[in-house]
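Written below as structure tokens is the structure these notes are about.
Letters A, B, ... are given to chains in the order of the sequence lines, protein chains preceding strands, and every chain is numbered from 1.
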There are 2 protein chains.
Amino acid sequence: MQVNRGTVTIHEVAREAGVSISTVSRIINGTAYVADDKRQAVERAMLKLGFRPNYLAKTLMTGRSMSIGVIAEDIVSPYYADVIRGVEHAMLDTPYQPIVNSGHWSRKYESRAVETLIYRKVDAMLLLGSTLPDGTLQEIASRVPLVVFGRTVPGLEEHCLALDNVHGAYLATRHLIELGHRNIVHVRGPQGQQDAEDRLHGYRTALAENDVPHRPELEILGDFTEQPAYQALTHLLDARVPFTAVFAANDQMAAGARLALHRKGLRVPEDVSLVGFDDLPSSAFTSPPLTTVHQPTYRIGLALATHLLNVVQDLPSQLPAFDLTLVVRESTRPLR
Amino acid sequence: MQVNRGTVTIHEVAREAGVSISTVSRIINGTAYVADDKRQAVERAMLKLGFRPNYLAKTLMTGRSMSIGVIAEDIVSPYYADVIRGVEHAMLDTPYQPIVNSGHWSRKYESRAVETLIYRKVDAMLLLGSTLPDGTLQEIASRVPLVVFGRTVPGLEEHCLALDNVHGAYLATRHLIELGHRNIVHVRGPQGQQDAEDRLHGYRTALAENDVPHRPELEILGDFTEQPAYQALTHLLDARVPFTAVFAANDQMAAGARLALHRKGLRVPEDVSLVGFDDLPSSAFTSPPLTTVHQPTYRIGLALATHLLNVVQDLPSQLPAFDLTLVVRESTRPLR
DNA sequence: CTGTTAGCGCGTTCAA
DNA sequence: TTGAACGCGCTAACAG
């Protein structure tokens, strides 16, 4: 039997105040009326002993932990970070607490995180992106209330929030076309990743709808980080493939592309127009500020959390829809 | 009494396998040898019933939750995010799990986060920066093993990891001076914030040691984000205060400063040299790549977590020291 | 090697 | 109104 020194429980409080533990419990939870004198005695005892209720014991009894598990593909990604910020803010003044973890873009670690959180009895779970197959997500949803961002899982539609990436990419590409560009490079996200595929699709659609010939050699592959985008565009430049604009599937890759242009002495937007996707907080402060597709990540986080809180409290709730919008800043200009 | 439908406990497993609950417990935890036939029966029963152990009940007994509370001033800040990444990676293949929260740069929310984590019985706590006074931190440390990054708390020295910001700023400023610059703007961090004050101090020391006259009007105030830095430098430019270099107290403010210069048609580094602080992952990919003071944030996260894991396991451990180094990239050049 | 028993700290009936 | 007693799911002595 371990010692548990220094842990003061409702028993000591009860003894100190000269009442039973149930009375103490009632006062803590406001479950029933308690005579004023006893209430005061108990409150004095709690203060004196420095009583701290044990959440685990409480959870064991009630079955509710007042915590919400949040798993992001990657906490570090500025994109998810902003969503998390929204989630945190929404929960700040509620009794619920978010417990956030990374899935590290890996099925293994993501499912480990899921298991751990369920073991810890979170009352609900929020997945910010997910590499897990639909079936697994459905199974998880049967064990704990689940909300998913960035994907629509069959059977869980009303708890999924996904944005129209095809449309966002369409807007970005059309903007460039309207500016007169016809040779538009697309820096793709990782192959097979849904958002990346959708954005590629939006790019192609915009070309097709505006009778701009599709040139496969202008589609280059990245992985949503700067370095590979930098390299891919450098290769293209070295190969002297002509183009006048670049649409990168996210802002980080836009930064990589921008550097490749910079190294070759090409100016943005004078020589090449550049569009990103995501609108990271930092993208408004690049030089020049980046034209990009804005995702209302903070508001999404807020909405996600609000919905989640409703769900765990059995309140009716519906996830709102969010639009992707093009933010025109200074990295694009008409083809002269 | 709530229903707890669907929750299968060791009792059902024991019944199904025809053994006692302690035998089941022993098999789960490997506490003692169990006859092979019983073990197999139990394992079959667990699988069949889909048994999931309840961590809370376990924690209630053992007093160890196998979780580590991590509180960052701000999860969203790319700076802390990289430290968190290190922490997560270090714990990835251990039985311990980090539970991360934001303090939101506020005493109120930070102490709330601390309380919540202690209530949840985390085995130890890691503070990534802290706005709490020394006394409070000492009190926390008396309740739970505590490690602090970014500050040295009296009495807790061996569990604190802080970098020499004065020296880092000194290096940055000296670099500029060696390049021939004498009119060096310093974009300060928020007044009163320790890191900000230290960096200011390092800047002044470098000037003094190299006989560069100190011009107070070149010290402008920011708050570690882009916008105020942008504005402050714009004011300075409008006032036609002459300078040839800028040392910003962090990379985000360097981006703001860079934009102010860009808007006035000043090129970096041709017209003005620019140095940052932190070396955010994105700073290597700005155009031009930023010269900045590198903080080994990821490795720090790793070290912090490793130390923490040692501490909770009563293993001897010592926090290593880390150096700040100047990374010279392409945003600085000799004064012509 | 295995089962019985006594808690961990708390919420919640049921009588009084 | 209040207290006694039970149980949440599990671990850890203690016998055997």
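- Put simply, the side chain of B:Thr62 and the base of D:dA12 share no donor and acceptor less than 3.5 Å apart.
- The aromatic rings of B:His89 and B:Tyr298 lie perpendicular to each other, with more than 60° between the two planes, well past the 30° mark.
- Across the protein-nucleic acid pair, B:Ile21 atom CD1 and C:dG7 atom P stand 15 Å apart, rounded to whole Å.
- Look at B:Lys58 and you won't find any side-chain N or O under 4.0 angstrom from OP1 or OP2 of D:dA12.
- The two residues A:Leu60 and B:Ala57 make their nearest non-hydrogen contact at CD1-CB, 3.9 Å.
- Distance, B:Tyr55 OH to C:dG9 P: 21 Å, rounded to whole Å.
- Ring geometry for A:His307 against A:His159 counts as tilted: the plane angle lies between 30° and 60°, on a 0 to 90° scale.
- Note: B:Tyr55 and A:Tyr119 have parallel aromatic rings, judged against thresholds of 30 and 60 degrees for the angle between ring planes.
- For B:Val19, taking side-chain heavy atoms from C-beta onward, the closest of the listed nucleotides C:dG3, C:dC8, C:dT12 is C:dG3.
- Side-chain contact between A:Leu126 and A:Leu304 is present, with heavy atoms from C-beta onward closer than 4.5 Å.
- At least one side-chain nitrogen or oxygen of B:Ser20 sits closer than 4.0 Å to the OP1 or OP2 atom of C:dG3.
- Between the base of C:dT12 and the side chain of A:Thr31 there is no donor-acceptor pair shorter than 3.5 Å.
- Per the geometry, CG belonging to A:Leu56 stands 21 Å off P belonging to C:dG7, to the nearest Å.
- Between A:Glu16 and A:Arg44, no side-chain nitrogen of the basic residue sits less than 4.0 Å from a carboxylate oxygen of the acidic one, so the salt-bridge criterion is not met.
- For the pair A:Asn54 CG and D:dC10 P, the computed distance is 17 Å after rounding to whole Å.
- Residue B:Arg26 contributes atom CZ, which lies 11 Å from atom P of D:dA12 at whole-angstrom precision.
- Atom CE in A:Met66 sits roughly 13 Å away from atom P in C:dG11 (whole-Å rounding).
- Distance, A:Asp37 CG to D:dT1 P: 12 Å, rounded to whole Å.
- Listed here is the closest heavy atom pair of B:Gly69 and B:Leu117: CA-CD1, 3.8 Å.
- Listed by residue number, there are no residues of residues 43-52 of chain B with a heavy-atom contact under 4.0 Å to DNA chain C.
- For B:Val122 against B:Val144, the heavy-atom pair with the smallest separation is O-CG2, 3.8 Å.
- Between B:Arg151 and B:Asp134, at least one side-chain nitrogen of the basic residue sits less than 4.0 Å from a carboxylate oxygen of the acidic one, meeting the salt-bridge criterion.
- The two residues B:Arg112 and A:Leu92 have their closest heavy-atom pair at NH1-O, 2.7 Å.
- Here the P atom of nucleotide C:dT5 and the NE2 atom of B:His11 are 12 Å apart, to the nearest Å.
- Close to D:dG3, at under 4.0 Å from its OP1 or OP2, lies a side-chain N or O of A:Thr23.
- Across all strands shown, A:Thr9 has heavy atoms under 4.0 Å from sugar-phosphate atoms exclusively, and none from any base.
- Computed from C1' positions of five pairs at each end, the angle between the two local axes of the helix from C:dC1-D:dG16 to C:dA16-D:dT1 equals 40°, rounded to 10 degrees.
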